[in-house]
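See below for the structure under consideration.
Every chain is numbered from 1, with letters handed out A, B, ... down the list of sequences.
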Amino acid sequence: MDDQTRMLAGMGGLGGLSQADVGDPDSVRKQQSLGQPQQDIGDILQQIMAITDESLDEAQARKHALNCHRMKPALFSVLCEIKEKTVLSIRGVQEEDPPDPQIMRLDNMLLAEGVSGPEKGGGSAAAAAAAAAAGGSPNDGSIEHSDYRAKLTQIRQIYHSELEKYEQACSEFTNHVMNLLREQSRTRPISPKEIERMVAIIHRKFSSIQMQLKQSTCEAVMILRSRFLDARRKRRNFNKQATEVLNEYFYSHLSNPYPSEEAKEELAKKCGITVSQVSNWFGNKRIRYKKNIGKFQEEANLYAVKTAVDAANVSAQASQANSPATPNSGGYPAPCYTPDGRL
DNA sequence: ATTCATGATTATTG
DNA sequence: CAATAATCATGAAT
């Protein structure tokens with residue numbers, strides 16, 4: 001409002017200058033031929049320039065008088081109409097937004113990952129944690145899974161709070177702009193349609209911010225997934241017994257190290273790993289052995305000896321049973337190292 | 001910090 | 001589908 005006054009004053013100043021600056025004979029002739037209207041314009045300019053000298057109250061009063069003029073509503077609607085036809089028609093039609101495939105994709109993914117879906121957070125996460133705690137089988141993966149769920153819940157919470165913040169900011173800002181426009185619509189031609197359009201623009205801006213949020217949330221979920229669901233990242237070496245058993249089998253079947261499905265199952269059970277882990281192990285072992293037999297020679301000898309010693313020690317284990325001090329860490333019968341056997 | 005060992009995954013082949 | 005070869009990502013040793 002103050003700005004408007006100043007601006008008008010400035011324009012008035014410009015107008016005055018150009019009028020005082022008439023060195024052009026043409027404009028002089030025009031002035032003379034136009035006659036009476038020119039006189040009016042001069043008056044108006046005088047009035048505008050005088051505004052700066054008026055007090056605020058006076059200006060307010062003048063504005064009020066204008067607002068109350070009986071022609072005002074009609075003039076206003078005409079102005080709105082003209083504006084609608086000129087300015088707004090330029091970028092009128094193509095504003096129907098096609099549902100952005102990008103944001104659809106993000107939405108779908110967030111929904112699929114259970115980030116933006118129905119609230120199944122606190123209760124079931126706690127339940128999962130409890131189940132994992134009660135389960136007690138450590139390499140079941142349920143602990144990892146509950147950890148994953150917890151992290152996912154965390155992400156969801158952040159996502160929702162951010163989203164809410166954005167919503168709030170958006171509606172706040174929209175309200176502000178609408179109030180502003182409504183206020184201004186008393187002094188300049190703003191149609192309701194235009195306000196609507198403005199709101200749409202604001203919403204588009206905010207939704208692009210939301211898309212960024214969704215995108216980074218998706219990213220976080222992807223990282224989380226790869227962190228927890230990609231087994232490579234939680235690789236644990238098999239325990240010593242397991243490697244023992246596997247190596248034993250491998251080197252005792254060195255001519256044909258391809259355990260049958262049955263043998264794999266047996267090995268898996270003995271080692272406390274899955275069949276596919278056994279398959280992985282043999283796959284890796286074969287290729288790595290083949291690639292560099294020399295490197296594995298020592299190991300091969302060792303296991304050859306070991307199997308021989310094991311066979312010889314079947315009876316010895318019975319005699320070991322009456323010795324109470326067996327400092328074996330595992331509960332397995334006999335690691336039974338006798339590295340003196342240098343064959 | 002770098003290097004090696006190792007379990008898992010991916011692409012390819014038959 | 002299973003075996004292979006290459007590669008990834010981590011754990012452990014240096």
Side-chain angles (χ1 to χ4, degrees), chain A residues 105 108-109 112-114 128-129 132 135-152 154-155 215-307 309-310 327-339 341-343:
Chain A
R105 224 165 44 82
N108 283 340
M109 179 181 161
E113 294 297 331
S137 79
N139 52 2
D140 193 293
S142 60
I143 285 186
E144 310 279 348
H145 193 249
S146 86
D147 209 1
Y148 169 78
R149 294 278 298 272
K151 288 255 162 52
L152 192 65
Q154 207 177 324
I155 288 178
Q215 194 151 14
S216 55
T217 304
C218 277
E219 239 165 74
V221 171
M222 293 303 279
I223 290 169
L224 189 67
R225 276 188 81 85
S226 68
R227 184 120 179 73
F228 279 88
L229 270 40
D230 185 349
R232 274 185 294 195
R233 299 194 184 250
K234 55 178 182 192
R235 185 179 71 79
R236 295 288 109 95
N237 291 344
F238 299 152
N239 61 38
K240 213 137 184 120
Q241 334 284 343
T243 338
E244 290 280 311
V245 171
L246 292 168
N247 273 318
E248 212 170 293
Y249 188 99
F250 180 78
Y251 286 111
S252 59
H253 301 72
L254 200 49
S255 57
N256 184 33
Y258 297 87
S260 67
E261 202 59 30
E262 271 180 11
K264 279 184 195 169
E265 274 168 36
E266 171 119 10
L267 286 167
K269 204 165 70 176
K270 237 195 274 191
C271 299
I273 60 180
T274 69
V275 173
S276 64
Q277 281 179 305
V278 173
S279 297
N280 286 339
W281 190 91
F282 273 90
N284 283 321
K285 192 72 183 182
R286 281 191 300 262
I287 190 72
R288 283 164 185 165
Y289 181 82
K290 194 178 78 177
K291 233 174 176 169
N292 188 355
I293 294 178
K295 201 170 75 181
F296 288 89
Q297 204 53 56
E298 198 179 343
E299 197 178 58
N301 289 338
L302 194 141
Y303 277 97
V305 166
K306 193 174 128 39
T307 53
V309 170
D310 266 1
N328 293 343
S329 53
Y332 276 77
C336 218
Y337 273 135
T338 46
R342 195 176 306 261
L343 203 64

Phosphate OP1/OP2 of [N] contacted by [X] side-chain N/O (<4.0 Å):
X	N	result
A:N280	B:dA8	yes
A:R236	C:dG11	yes
A:Q277	B:dG7	no

For [X] against [Y], the heavy-atom pair lying closest together:
X	Y	value
A:K285	A:F296	NZ-CE2, 3.5 Å
A:S279	A:K264	OG-NZ, 3.2 Å
A:P257	A:F282	O-CD2, 3.8 Å

[N] [atom2] sits how many Å from [X] [atom1], rounded?
X	N	atom1	atom2	value
A:F250	C:dA3	CZ	P	13 Å
A:K291	C:dT4	NZ	P	13 Å
A:K240	B:dG7	NZ	C1'	16 Å

Could you point out which residue of A:L246, A:N247, A:N239 forms a side chain to side chain contact (heavy atoms under 4.5 Å, CB included) with A:T243?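 Going through the options one by one, the only one that passes is A:N247.
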From the list C:dA6, C:dA3, C:dT4, which nucleotide is the closest neighbour of the side chain of A:K264?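 Nearest nucleotide to the side chain: C:dA3.
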Side-chain atoms of A:I287 come closest, of C:dA5, C:dG11, B:dT9, to C:dA5
Return the 5'-most residue of the pair A:N284, A:S279 with respect to DNA chain C, ranking by each residue's nearest nucleotide. A:S279
Can you confirm whether more than 12 heavy atoms, excluding those of A:E266, are under 6.0 Å from its CD atom?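 No, CD of A:E266 has 12 or fewer neighbouring heavy atoms, counting only those of other groups under 6.0 Å.
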Distance in Å, A:K291 NZ paired with A:R286 CZ, rounded so as to fall on 0.5 Å steps: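 Separation between the atoms: 14.5 Å.
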Just the table, please: protein N/O against nucleotides 4-6 of chain B N/O, every pair under 3.5 Å.
residue : atom : partner : partner atom : Å
B:dT6   : O2   : A:R235  : NE           : 3.1
B:dT6   : O2   : A:R235  : NH1          : 3.4
B:dT6   : O2   : A:R235  : NH2          : 3.4

